[in-house]
Amino acid sequence: MISKPLVLTYLYLFIYILLSSGVILYNKWVLSPKYFNFPLPITLTMIHMGFSGAVAFLLVRVFKVVSPVKMTFEIYATCVIPISAFFASSLWFGNTAYLHISVAFIQMLKALMPVATFMMAVMCGTDKPRCDVFLNMVLVSVGVVISSYGEIHFNIVGTVYQVTGIFAEALRLVLTQVLLQKKGLTLNPITSLYYIAPCSFVFLFVPWCLLEKPVMVVSQIQFNFWIFFSNALCALALNFSIFLVIGRTGAVTIRVAGVLKDWILIALSTVIFPESTITGLNIIGYAIALCGVVMYNYIKVRDVRASQLSSDSLPERITKEWKLEKKSSDLFTPSKSSDKSGGKGEGNFAASELNADEEAPLISTSRLSHIGRSQLSNHTS
């Protein structure tokens, strides 16, 4: 008989895949001139940030569901503001790409996320150049190039927007590790929205005034309250679904769910948006890139588990190995020991992997690599 925790785990994974795919398709439908025709990506992103920030404020200050962290002006100025700037940029560029290229091609380009993250981590000193990871990055890049070559409706503007958004998101991930973790801050999804969503809204206000406000004044842009409310609500629900998934599953399951979501999204996008055409070269290139991503995933999961074992005492190691053999369903429940050790459990690693899904409004990243974590701990000690 299937256990209740296992059923809940797959239910949460289904909800995550549904919401993640739904938000992407919904954004494309709203922004596309062929459908709802609201070609203002900055405005849409600001709606998401404003709504998420307002809900987070109510949960923190009014209903007191969670308590705010000890946030000083120095931490806010040196950590929250830079992270918010790159977060706002990644959403802005990513949403703008919907105006120029198909959802399917966007998902194929997102295979570059490990490449961008690794490059930014090496540049910021949180990771070291490694031959095995470098070969995976080359494989991913070759696959994306082949997929781009096979794209029928290739658009250089949309491609540049999407790739720029990917690198902005990668830099945000690295900054989250370097800045927030260095200060010893741990933000849950609600407190992340509470601090970063309003700041991201302010950053988006300047390009909105320069690029989209004049367009809204001149052209007849339709504004449907229920469309934008439901769109923002879906984005917020996606953020909380990520939190549920992290608490129930391990990193391997989350990786598989992410790959499954990408394939489902590519297939759905060709059905919902008939103009999205997938060629054989697209599939071949994406398959090659996906092989590199899977190999990269394996290396990162292996590294995290190795660092866990090396940091534990012998009795703890025996206990964890016994538990690992026991949980054949790959369920994960954060343990007290992982919390006390500053989040060195696999659940925090899983958080960073889901965090690469930049359609989510925000959830704090706890891990990029075990090498970077070791360097930070050595530096702080």
Side-chain angles (χ1 to χ4, degrees), residues 19 23-24 26-27 30-31 38-63 65-66 68-69 71-73 75-99 161 164-165 168-169 171-173 175-176 179-180 185 187-217 221 223-240 242-243 355 357-365:
L19 286 173
V23 168
I24 294 173
Y26 204 167
N27 286 348
V30 170
L31 293 169
F38 188 80
L40 303 173
I42 303 177
T43 305
L44 183 65
T45 307
M46 289 178 69
I47 292 173
H48 288 179
M49 292 296 98
F51 181 78
S52 299
V55 172
F57 178 83
L58 292 175
L59 294 175
V60 173
R61 292 298 182 183
V62 179
F63 299 105
V65 176
V66 295
V69 300
M71 181 69 66
T72 64
F73 177 78
I75 294 176
Y76 195 86
T78 58
C79 299
V80 175
I81 290 179
I83 292 171
S84 300
F86 286 105
F87 179 60
S89 300
S90 67
L91 293 178
W92 169 19
F93 294 136
N95 283 335
T96 304
Y98 290 123
L99 298 175
Y161 269 118
T164 304
E169 173 67 6
L171 189 54
R172 182 190 71 82
L173 294 175
L175 287 178
T176 301
L179 299 179
L180 285 184
L185 283 181
L187 300 178
N188 60 43
I190 298 176
T191 53
S192 295
L193 291 172
Y194 176 73
Y195 290 110
I196 298 183
C199 190
S200 298
F201 182 91
V202 173
F203 272 106
L204 291 169
F205 184 76
V206 176
W208 177 79
C209 289
L210 297 175
L211 300 176
E212 294 189 359
K213 184 181 178 182
V215 177
M216 296 180 69
V217 173
I221 301 295
F223 188 91
N224 187 308
F225 171 80
W226 294 110
I227 291 292
F228 291 102
F229 175 76
S230 60
N231 183 259
L233 189 63
C234 288
L236 182 65
L238 172 60
N239 193 57
F240 292 128
I242 292 175
F243 179 67
N355 208 16
D357 190 357
E358 61 268 28
E359 290 75 37
L362 186 71
I363 187 170
S364 59
T365 301

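- Distance check: Thr176 OG1 to Ile83 CD1 gives 4.0 Å after rounding to the nearest 0.5 Å.
- Looking at heavy atoms from C-beta onward, Leu40 lies out of side-chain contact with Leu211 at the 4.5 angstrom threshold.
- Side-chain contact between Cys234 and Val23 is present, with heavy atoms from C-beta onward closer than 4.5 Å.
- By the ring-ring contact (aromatic ring centres under 6.0 Å, His included) test, Phe228 pairs with Phe36, Phe38, Phe223, sequence neighbours left out.
- Legend: residues meeting side chain to side chain contact (heavy atoms under 4.5 Å, CB included) with Phe205, ordered by chain and number and at least two apart, are Met46, Trp208, Cys209.
- Heavy atoms only, all atoms of each residue included: Thr96 and Pro41 are closest at OG1-CG, 3.3 Å.
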Does the pair Leu91 and Met49 meet the rule for a side chain to side chain contact (heavy atoms under 4.5 Å, CB included), with working shown? CA-CA 10 Å; Leu91 293 178; Met49 292 296 98; 3.7 Å; yes

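- Remark: Phe73 CZ is loosely packed, at most 12 non-hydrogen atoms of other residues, nucleotides or ligands lying under 6.0 Å away.
- Here the side chains of Ser52 and Asn239 are not in contact, with every heavy-atom distance at 4.5 Å or above.
- For Asn231, the side-chain hydrogen bond (donor to acceptor under 3.5 Å, both in side chains) test picks out Asn27, His48, with sequence neighbours left out.
- Here the side chains of Pro207 and Trp92 are in contact, with some heavy-atom distance below 4.5 Å.
- With sequence neighbours left out, Cys199 forms a side chain to side chain contact (heavy atoms under 4.5 Å, CB included) with Tyr76, Ile81, Ser84, Phe203.
- Residues Val60 and Val65 form no side-chain contact, since every pair of their non-hydrogen atoms from C-beta on lies 4.5 Å or further apart.
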Intermediate values then yes/no, side chain to side chain contact (heavy atoms under 4.5 Å, CB included), Phe86 and Glu169: CA-CA 7 Å; Phe86 286 105; Glu169 173 67 6; over 6 Å; no

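- One distance of note links OH of Tyr195 with CD1 of Ile75; it measures 9.5 Å at 0.5 Å rounding.
- A donor-acceptor pair under 3.5 Å links the side-chain atoms of Ser89 to the main chain of Ala85, judged by distance alone.
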Could you walk me through whether Thr191 and Met71 pass the side chain to side chain contact (heavy atoms under 4.5 Å, CB included) check? CA-CA 11 Å; Thr191 53; Met71 181 69 66; over 6 Å; no

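- Taking CG from Leu31 and OG1 from Thr43, the interatomic distance works out to 9.5 Å, rounded to the nearest 0.5 Å.
- In this structure the side chain of Ile42 never reaches within 4.5 angstrom of the side chain of Thr45, judged on heavy atoms.
- By the side chain to side chain contact (heavy atoms under 4.5 Å, CB included) test, Ala97 pairs with Ile101, Ile106, Tyr161, Gln162, sequence neighbours left out.
- Classification of the Trp226-Phe229 ring pair by plane angle, with boundaries at 30° and 60°, yields perpendicular.
- Taking CD1 from Ile190 and CG from Leu59, the interatomic distance works out to 5.0 Å, rounded to the nearest 0.5 Å.
- For Ser230, the side chain to side chain contact (heavy atoms under 4.5 Å, CB included) partners are Tyr26, not counting sequence neighbours.
- Looking at heavy atoms from C-beta onward, Val55 lies out of side-chain contact with Leu193 at the 4.5 angstrom threshold.
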